[in-house]
Number of protein chains: 2
Amino acid sequence: MPDQIKTDRRFATTLGRGLSVLRAFRPSDDGLGNAEISARTGLPKSTVSRLTFTLQSLGYLNHARRHDKYRPGPALLALGNMASASISFVELSAPLMQRLADETRTLSLLLVRDHSKMLIVKTWRPRNVASLWLEVGHRLPFYGSSSGHALLGSLSAEGFDQTVEDADGDRGLTAERGQKVRRDAQNQLVTQGFVVSDPEDYFSPNIHAVAVPFHSRDLCEPVIFTCGAMPDGLSLKRMHADVGPKLCATVQELERLMGQGPSSAVREL
Amino acid sequence: MPDQIKTDRRFATTLGRGLSVLRAFRPSDDGLGNAEISARTGLPKSTVSRLTFTLQSLGYLNHARRHDKYRPGPALLALGNMASASISFVELSAPLMQRLADETRTLSLLLVRDHSKMLIVKTWRPRNVASLWLEVGHRLPFYGSSSGHALLGSLSAEGFDQTVEDADGDRGLTAERGQKVRRDAQNQLVTQGFVVSDPEDYFSPNIHAVAVPFHSRDLCEPVIFTCGAMPDGLSLKRMHADVGPKLCATVQELERLMGQGPSSAVREL
DNA sequence: CCTCTAAATTCCACTATGCGGAATTTTGTT
DNA sequence: AACAAAATTCCGCATAGTGGAATTTAGAGG
């Protein structure tokens, strides 16, 4: 994503553009037309037309019916499940996180960094409890979400610098603010093992959340596990006393299952 | 995949090649080097090098450590879960299929067509029963697997013709054989709602399986749900009398949940 | 520490590929 | 039927991507 890379002789523009077309889709979309894709990606219509043709002919996109809008196709399903199966902690975490969601009655999430946003990759809803607010595909801002702060706090110094550079100009995440948030998150991780952001900073006052980073051996970057709910169901106090520790314990259990040292949550302090 | 498409002016070669690099990965791989990718895809080394550079810089691939082999990256995880969330039957089917696996003590599968193979996209293992033979990412031959036969049987005439064309020269799937298999599968679908292939035809004598196609509104092509096990745990008789009907009922339940007419399993006969 | 080998990367001249604004066609809406 | 909106196609140009060969890099084994 650094501009330098995009002009690198080695960077295959067409491939990057094609993938950005795929990334334009959200689960809440009921199909996407070329025009909408063009708007979202900023690519010219004719280019999008050729890319969708390609993706469609390879099965990554679908017209459900002739001349309908495009939808994610079977090949994408295959690719994605391949990835989930390869990155083994994803499958292993599922039962643990479902149990956690049930026990704490919170929405439990797995997020990864996507550019300068935190992208929800998987959710586990507590059974028999309504909690329909965040979905796979949503992107939370870096600054102002517990997940984002947890990521900043668990990044190495280099990783952090690069991230701030990437996010340049994005929603008030300046270098100074970033540093402050990072220090705070690091501090919380060391002392208590989880991150609860100051409600003052929250991007949305209706969401309270606790976050814990996880370093997979398979991935070069940490991912974030989070528990969240509306403030009335999840007070600050309960986050600190109950949900935070439980989330933390769950991630440690996952680390144990994966056979990695438990201290990997905090690195290069 | 038809050659005609690859030379079409609209087809973006680089995008297609980049995606084929991603498709080269299997869950059983412990990372892939450029050389191996080059071998699997048939692309020149230098080309692969540039494509992996691109995919890596976009987060679709990972070096876990510097100069390690490539692995699927976080962006791929994001893309895949986006797809699963968009194609709603996938999420809906999970609990039903898990229950089915437990009840029948078979390995339950979801497969989609990938070129001229059936690709395992998801698996549900019966709890507390060892049955470790088929994994996500494995590809079953079209001809000689219940899944493949079920797909052939549920394809429209045009879809079938195109499929046979695609698979041209592949493992003994000739036009005539295909027609025979298709007719048989169609017949089974109409009369009993599921497909059990003649063990004579099986690509592997160690696997017995029942398959049922499912037409999702989101997809232009049917997907296949399957229950399989070793012959000693899953006799022909039990497939017909017990597992087949249960699988069939499960898919019907899924159709009900999705709010689609139940008769979509058999089309354009 | 220094080969040696296999793999990865870079080089470079060529050309097919992808580009994108504009024109055309298709779709479905009133 | 007439219109508007979206999708596709056209086409000459610039260049992005190509791939064989040369170079660099990284482990393995002495």
Side-chain angles (χ1 to χ4, degrees), chain A residues 1-25 29-58 60-73 220, chain B residues 1-25 29-58 60-73 220:
Chain A
M1 194 193 187
D3 281 3
Q4 210 181 344
I5 283 182
K6 285 200 186 128
T7 56
D8 190 302
R9 191 77 205 295
R10 294 169 293 175
F11 189 85
T13 316
T14 311
L15 174 53
R17 288 176 158 192
L19 290 167
S20 81
V21 166
L22 293 179
R23 262 211 327 259
F25 285 78
D29 295 326
D30 187 35
L32 244 49
N34 281 342
E36 180 64 18
I37 295 174
S38 172
R40 290 193 188 182
T41 57
L43 298 169
K45 277 134 50 94
S46 50
T47 300
V48 170
S49 189
R50 267 176 289 116
L51 294 175
T52 49
F53 171 84
T54 305
L55 292 169
Q56 135 96 272
S57 70
L58 293 173
Y60 292 90
L61 292 181
N62 256 168
H63 292 301
R65 291 175 301 283
R66 186 105 184 93
H67 288 123
D68 194 17
K69 322 220 143 190
Y70 288 104
R71 302 156 180 285
C220 58
Chain B
M1 177 158 213
D3 282 1
Q4 208 183 346
I5 282 183
K6 286 204 187 122
T7 57
D8 191 301
R9 192 76 203 293
R10 294 168 294 174
F11 189 86
T13 317
T14 312
L15 175 53
R17 289 176 158 192
L19 290 167
S20 79
V21 166
L22 293 179
R23 261 211 327 259
F25 285 79
D29 295 325
D30 186 35
L32 243 51
N34 281 342
E36 180 64 20
I37 296 174
S38 172
R40 290 194 188 181
T41 58
L43 298 169
K45 275 135 50 92
S46 50
T47 301
V48 169
S49 190
R50 269 175 288 117
L51 294 176
T52 50
F53 172 85
T54 305
L55 292 169
Q56 134 97 276
S57 70
L58 293 173
Y60 292 91
L61 291 181
N62 256 168
H63 292 301
R65 291 174 302 282
R66 186 107 186 88
H67 288 123
D68 193 19
K69 323 218 143 191
Y70 288 104
R71 300 157 182 284
C220 59

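Proteins come first, then strands; the chains are lettered A, B, ... in the order of their sequence lines, and each starts at number 1.
Note on the helix from dC1(C)-dG30(D) to dT30(C)-dA1(D): angle between the axes of the first and last five pairs equals 60°, rounded to 10 degrees.
The structure places CG of L15(A) at 12.0 Å from CZ of F53(B), a figure rounded to the nearest 0.5 Å. With rounding to the nearest 0.5 angstrom, the OG atom of S46(A) is 10.0 Å from the CG atom of N34(A). Taking CG of L55(A) as the start and CZ of R50(A) as the end, the distance is 12.5 Å to the nearest 0.5 Å. To the nearest 0.5 Å, atoms CZ (R71(B)) and SG (C220(A)) are separated by 11.0 Å. The structure places CG of L32(A) at 4.5 Å from CZ of R40(A), a figure rounded to the nearest 0.5 Å. Interatomic distance, CD1 of I37(A) versus NZ of K69(A), reported as 9.5 Å (0.5 Å rounding).
The backbone N or O of A12(B) sits less than 3.5 Å from a side-chain atom of T54(A), completing a donor-acceptor pair.
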Query raised in the report: Reading nucleotides 18-26 of chain C 5' to 3', which nucleotides get B (base under 4.0 Å from a protein heavy atom), which S (sugar-phosphate only), which -?
Result: BBBB-----
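Taking atom CG of residue L61(B) and atom P of nucleotide dA8(C), one finds them 13 Å apart after rounding to whole Å. Rounded to whole Å, the distance from CZ on F53(B) to C1' on dC11(C) is 16 Å. The NE2 atom of H63(A) sits 16 Å away from the P atom of dA6(D) (whole-angstrom rounding). When rounded to the nearest whole Å, the span between OH of Y70(B) and C1' of dA7(C) equals 12 Å. To the nearest angstrom, P of dG19(D) lies 15 Å from CG of N34(B).
An OP1 or OP2 oxygen of dT10(C) is reached within less than 4.0 angstrom by a side-chain nitrogen or oxygen of R10(A). Note on S49(B): every side-chain N or O is 4.0 Å or more away from OP1 and OP2 of dA8(C).
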I'd like a table of donor-acceptor pairs (distance under 3.5 Å, sequence neighbours excluded) in which one partner is a side-chain atom from residues 17-24 of chain B, with atom names and distances.
{"residue": "S20(B)", "atom": "OG", "partner": "R17(B)", "partner atom": "O", "Å": "2.7"}
{"residue": "R23(B)", "atom": "NH1", "partner": "Y60(A)", "partner atom": "OH", "Å": "3.3"}
{"residue": "R23(B)", "atom": "NH2", "partner": "H115(B)", "partner atom": "NE2", "Å": "2.9"}

